[in-house]
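These notes concern the structure reproduced below.
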Amino acid sequence: MVVPIGSDEWPARSLLGVLSPPARRDLLGLGTEVQFDVGAVLLREGDNDQHVFLLVSGFAKVTATVENGETSLLAVRAAGDTVGEMATMSGAPRSATVTACGPLTARVSQSGELRRLLERNPVISMALTGMVADRLRWANRRRLDFRGYPAKVRLARLLVELAESYGSSRDEGVVIGCRLTQPELATMVGAAETTIHKVLRDLRDEGLLETGYRSTTIRDLPELERLADIRTPRGPGPRRAAADPTSDR
């Protein structure tokens, strides 16, 4: 496939979105292209492989097994993001599983390739470090949300963050192109599945949200932001036709 270089093609908060065109071109030149169908596993928790994926199109879910044996959704990753970079850089086993939400294209490279690129290109190295730090801050903020906000507000905050990071503006609203199940949403906001079922119904009844096959549409983003009790910086916002939160460690 022809990979776009322009920053407008990538979510602004993704790794590719923050890089300059030359640095973006260097990163996109790393490794080889691979494609996955919906449900395909890119990385598996506990494995000791040493490669990293740069997502070029599509969405992926990051999950891990908790103490009771159930699977917990940790984050969503989209085009412009990397997955597997922490295990690649540290040599530790994978701490999460990454699964394609739908058709997905990525570039896969081995740890040695990534290390050499980071050594010769400090711009990419600093950007990747910043992205990892942002993911840690996101995880810490999520823990604080669990203590400080009711479930409806926690879910609204999560949906706003996903919309601002990965949403595409359409006539019907802001579309998040990765359909999240109610159990997955429940694990991400620390609430019971029955509670999330009620909250989603309330948001739909209030005209703020619409759920469909493999997608979630936010019908009124400003009102959802008000409910979420956050102030989102206004910039370019979600893109109308874009190529489309802890990573796999």
Side-chain angles (χ1 to χ4, degrees), residues 11-14 17 59-64 66-68 70-78 81 96 101 130-170 172-239 242 244-247:
R13 299 180 188 179
S14 69
F59 284 85
K61 296 178 183 179
V62 183
T63 60
V66 294
E67 291 182 359
N68 63 4
E70 295 184 356
T71 298
S72 178
L73 178 66
L74 301 180
V76 174
R77 295 287 172 252
D81 287 331
C101 295
M131 184 191 69
V132 172
D134 285 343
R135 291 177 180 179
L136 178 59
R137 281 193 292 269
W138 184 92
N140 289 338
R141 187 169 66 251
R142 186 65 62 242
R143 295 187 184 97
L144 294 175
D145 285 353
F146 290 169
R147 293 174 176 265
Y149 293 100
K152 188 173 184 178
V153 176
R154 297 202 300 270
L155 181 59
R157 291 169 75 87
L158 172 64
L159 292 171
V160 168
E161 289 176 352
L162 291 174
E164 290 297 324
S165 296
Y166 304 128
S168 298
S169 293
R170 308 288 173 79
E172 63 270 26
V174 180
V175 177
I176 303 171
C178 181
R179 180 75 166 92
L180 301 178
T181 66
Q182 291 185 17
E184 288 170 339
L185 290 172
T187 61
M188 287 195 80
V189 301
E193 187 179 340
T194 53
T195 301
I196 292 301
H197 177 77
K198 180 182 183 302
V199 169
L200 287 172
R201 184 181 62 214
D202 290 346
L203 293 176
R204 287 193 293 264
D205 291 344
E206 294 164 10
L208 301 182
L209 191 69
E210 180 179 316
T211 55
Y213 180 64
R214 292 188 189 172
S215 68
T216 298
T217 302
I218 297 175
R219 304 299 299 273
D220 190 339
L221 183 57
E223 182 61 21
L224 191 66
E225 289 175 343
R226 186 199 64 77
L227 173 62
D229 191 29
I230 57 178
R231 300 291 180 268
T232 304
R234 283 289 161 232
R239 278 161 292 285
D244 257 359
T246 332
S247 81

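The figures here come from the full heavy-atom set of this structure, side chains too, leaving out hydrogens, waters and symmetry mates. What you are looking at is a predicted structure, and each value in this text was computed from that prediction instead of being measured.
Taking 4.5 Å as the limit, some side-chain heavy atom of Leu159 sits within range of a side-chain heavy atom of Leu203. Side-chain contact between Ile218 and Leu162: absent, with no pair of heavy atoms (C-beta onward) separated by less than 4.5 Å. By the 4.5 Å heavy-atom criterion applied to side chains, Glu206 and Asp220 are not counted as neighbours. When side chains are defined from C-beta on, Asp81 counts as touching Arg135, because their heavy atoms get closer than 4.5 Å. With contacts defined as side-chain heavy-atom distances shorter than 4.5 Å, the pair Asp205/Arg201 qualifies.
For the pair Ala228 and Arg157, the tightest heavy-atom approach, listed with the atom from each and the gap, is O-NH1, 3.0 Å. The heavy-atom pair separating Ala151 from Ala191 by the smallest distance is CB-CB, 4.0 Å.
Taking OG1 from Thr211 and CD1 from Ile176, the interatomic distance works out to 11.5 Å, rounded to the nearest 0.5 Å.
Asp134 pairs by the side-chain contact (heavy atoms from CB on, under 4.5 Å) definition with Arg137, not counting sequence neighbours. In this structure Arg219 satisfies the side-chain hydrogen bond (donor to acceptor under 3.5 Å, both in side chains) test together with Glu210, sequence neighbours excluded. Every residue two or more places apart in sequence or in another chain that forms a side-chain contact (heavy atoms from CB on, under 4.5 Å) with Val175 is listed here: Arg170, Glu172, Ser215, Thr217.
The backbone N or O of Leu209 sits nowhere less than 3.5 Å from a side-chain atom of Arg204 that would complete a donor-acceptor pair.
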